[in-house]
Amino acid sequence: MEKVEPMDILRMPSPEEETMAEITTWVKTLKDNKAANCTTVLFKKNTPKKILKLYEKNYDLIPFPAHKEYKIER
């Protein structure tokens, strides 16, 4: 995570930050997969398909190694 400077609150969020904010509101939890050396994202039960597609296109924006595949809460 980037260091927040006092004046950063005055800047507009970048498009990447807006996309991540939209995706992370629907994330339930993250699970480490030590065998694959990455993380699996678990989305909330009623996550809209729009958010899932957005994740598939932008999973590389996550600031740690993550799977393109995700899971949905049951």
Side-chain angles (χ1 to χ4, degrees):
M1 191 125 204
E2 65 184 271
K3 183 180 176 195
V4 177
E5 296 293 330
M7 294 303 292
D8 282 350
I9 60 171
L10 300 177
R11 71 173 176 82
M12 294 294 294
S14 69
E16 292 83 9
E17 291 170 327
E18 289 178 354
T19 300
M20 282 307 302
E22 194 171 352
I23 291 170
T24 55
T25 57
W26 290 95
V27 172
K28 173 82 174 183
T29 188
L30 303 168
K31 303 236 179 197
D32 285 336
N33 183 344
K34 295 188 191 266
N37 197 25
C38 62
T39 302
T40 302
V41 177
L42 178 68
F43 283 100
K44 295 176 184 174
K45 192 173 194 174
N46 298 322
T47 304
K49 291 197 183 287
K50 172 188 165 196
I51 299 297
L52 299 175
K53 287 181 183 178
L54 192 63
Y55 173 78
E56 289 173 358
K57 290 181 185 175
N58 298 291
Y59 75 95
D60 57 333
L61 293 177
I62 296 176
F64 48 82
H67 269 296
K68 184 175 184 177
E69 294 84 31
Y70 53 85
K71 295 185 179 184
I72 300 177
E73 178 182 44
R74 293 183 185 242

Intermediate values then yes/no, side chain to side chain contact (heavy atoms under 4.5 Å, CB included), V41 and K71: CA-CA 6 Å; V41 177; K71 295 185 179 184; over 6 Å; no
Spatial distance of atom CE (M20) from atom OG1 (T25) [nearest 0.5 Å]: 10.0 Å
Side-chain heavy atoms of F64 within contact of C38, under 4.5 Å: no
T47 side-chain N/O to F43 backbone N/O, donor-acceptor pair under 3.5 Å: no
Distance in Å, K28 NZ paired with L30 CG, rounded so as to fall on 0.5 Å steps: 12.5 Å
Side chain E17, main chain S14, donor-acceptor under 3.5 Å: yes
Mind listing the side-chain donor-acceptor pairs of residues 51-63 below 3.5 Å, one per line with the distance, residues two or more places apart or on another chain?
residue: Y55; atom: OH; partner: H67; partner atom: O; Å: 2.5
residue: E56; atom: OE2; partner: Y70; partner atom: OH; Å: 3.3
residue: N58; atom: ND2; partner: L54; partner atom: O; Å: 3.0

E73 side chain vs K44 backbone, donor-acceptor pair below 3.5 Å: no
Separation of W26 CH2 from K50 NZ (nearest 0.5 Å): 10.5 Å
